[in-house]
Amino acid sequence: MNTRTARPADVPALVDLIESAYRGDRARAGWTHEADLLDGQRADPEMVEAAVAGPDGVVLVVERDGRLVACCQLERRDDHAYFGMFAVAPAEQGGGLGRELLAGAERFARDRWHAGELRMTVIVQRDDLIAWYERRGYVRTGELSPFPYGDERFGLPRRPDLAFETLRKKLG
């Protein structure tokens, strides 16, 4: 796995990768899509650019044959690291790439930032995805936060009951 830190020039490819993994018909080729829950965009260039350039974070990318096939964002917070913007190209899903990138992100947060815990938020209706994270040691906290209804930057909800749950894993 060829992993590196994203650069500003990667932003257009990152936006395309994230959209391909989560939204629209092309996302349905993989299992991680949210196409049944949300329409619209998952990320825009400004959001991705801010993640790439942010002083307290990093975006890790995986390249194969010169193209980006996976990414994730890590953000250093007070007492933990936050994991987000996780995407694997639909054609690459199911082969262990996501599992490898998640493990690499955990090592990065633990070894470089000395983070004792990694946290993330997942849409509560994503039972399959939450189960995938639980198999990797993440624990549901029961801590819910509302979906940002009305903010089209995060998508157009197809149902009225979306919410996020925080998952966490101790990094030891």
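Not measured: the values here are computed from a predicted model. Basis for what follows: all heavy atoms, side chains included, without hydrogens, waters or symmetry-related copies. Throughout, residue positions are numbered sequentially from 1 according to the sequence presented.
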> Say whether, by atom type as modelled, one donor and one acceptor occur between the side chain of Thr121 and the main chain of Thr166 under 3.5 angstrom.
no
> What is the distance from atom OH of Tyr22 to atom CG of Leu17, rounded to the nearest 0.5 Å?
9.0 Å
> Classify the angle between the aromatic ring planes of Phe86 and Tyr133 as parallel (below 30°), tilted (30 to 60°) or perpendicular (above 60°).
tilted
> Please say yes or no: joined through hydrophobic side-chain contacts below 4.5 Å, possibly via intermediate residues, are Ile123 and Trp31 part of one cluster?
no
> Side chain to side chain contact (heavy atoms under 4.5 Å, CB included) for Phe154 and Tyr149? Distances and angles first, verdict last.
CA-CA 8 Å; Phe154 299 98; Tyr149 285 92; over 6 Å; no
> Could you give me the CA-CA distance, side-chain angles and deciding distance for Glu75 and Arg77, then say whether salt bridge (Lys or Arg N to Asp or Glu O under 4.0 Å) is met?
CA-CA 6 Å; Glu75 187 177 302; Arg77 300 211 174 153; 2.9 Å; yes
> Under 4.5 Å between any side-chain heavy atoms of Pro90 and Ser20, yes or no?
yes
> Please check: side-chain N/O of Glu165 versus main-chain N/O of Gly142, any donor-acceptor pairing under 3.5 Å?
yes
> Same cluster or not: are Phe83 and Leu129 linked, directly or through other Ile, Leu, Val, Met, Phe, Trp or Tyr residues, by side-chain heavy atoms under 4.5 angstrom apart?
yes
> Under the criterion ring-ring contact (aromatic ring centres under 6.0 Å, His included), I'd like the reasoning laid out for Phe147 against Phe164: C-alpha separation, chi angles, the key distance, then a yes or no.
CA-CA 6 Å; Phe147 185 86; Phe164 294 103; 5.7 Å; yes
> Given the rule that I, L, V, M, F, W and Y join up when any side-chain heavy atoms are under 4.5 Å apart, are Met120 and Ile130 in one cluster?
yes
> Out of curiosity, Leu156 CG to Asp151 CG, how far, rounded to the nearest 0.5 Å?
10.0 Å
> Name each donor-acceptor pair under 3.5 Å that joins a side chain in residues 35-44 to protein atoms two or more places apart or in another chain, with its distance.
from  : atom 1 : to     : atom 2 : distance (Å)
Asp36 : OD1    : Arg28  : NH1    : 2.8
Asp36 : OD1    : Arg28  : NH2    : 3.2
Gln41 : NE2    : Asp44  : OD2    : 3.2
Gln41 : NE2    : Arg153 : O      : 2.9
Arg42 : NE     : Glu34  : OE1    : 3.2
Asp44 : OD1    : Glu46  : N      : 3.2
Asp44 : OD1    : Met47  : N      : 2.8

> Give the minimum heavy-atom separation between Val88 and Gly98, together with the two atoms involved.
CG2-CA, 3.9 Å
> Donor-acceptor pairs are to be reported for all side-chain atoms of residues 61-71 against protein atoms at under 3.5 Å, with residues two or more places apart or in another chain.
from  : atom 1 : to    : atom 2 : distance (Å)
Glu63 : OE1    : Arg4  : NE     : 3.2
Glu63 : OE2    : Arg4  : NH2    : 3.3
Arg64 : NH1    : Glu92 : OE1    : 2.3
Arg67 : NH2    : Glu92 : OE2    : 3.2

> Tell me, yes or no, whether the heavy-atom count around Glu152 atom CD, taken from other residues, nucleotides or ligands under 6.0 Å, exceeds 12.
no
> I would like to know whether Leu167 and Thr141 meet side chain to side chain contact (heavy atoms under 4.5 Å, CB included); could you show each step before the answer?
CA-CA 6 Å; Leu167 306 180; Thr141 65; 5.9 Å; no
> As a quick check of understanding, evaluate side chain to side chain contact (heavy atoms under 4.5 Å, CB included) for Arg140 and Arg168, giving each step before the final call.
CA-CA 7 Å; Arg140 297 180 82 159; Arg168 70 171 195 237; over 6 Å; no
> Would you give the length of the straight line joining atom CD of Gln125 to atom CG of Leu162, rounded to the nearest 0.5 angstrom?
5.0 Å
> Mind listing the side-chain donor-acceptor pairs of residues 101-117 below 3.5 Å, one per line with the distance, residues two or more places apart or on another chain?
from   : atom 1 : to     : atom 2 : distance (Å)
Glu106 : OE1    : Lys169 : NZ     : 3.2
Glu106 : OE2    : Tyr138 : OH     : 2.7
Glu106 : OE2    : Lys169 : NZ     : 3.3
Glu117 : OE1    : Lys170 : NZ     : 3.1
Glu117 : OE2    : Arg119 : NE     : 2.5
Glu117 : OE2    : Arg119 : NH2    : 3.0

> Applying side chain to side chain contact (heavy atoms under 4.5 Å, CB included) to Val58 and Leu60, what does each step give before you reach the verdict?
CA-CA 6 Å; Val58 65; Leu60 302 176; 4.1 Å; yes
> For a quick check under 3.5 Å, do Thr32 and Gln93 share a side-chain donor-acceptor pair by atom type?
yes
> Is there side-chain contact between Val52 and Asp10, with at least one heavy-atom pair below 4.5 Å?
no
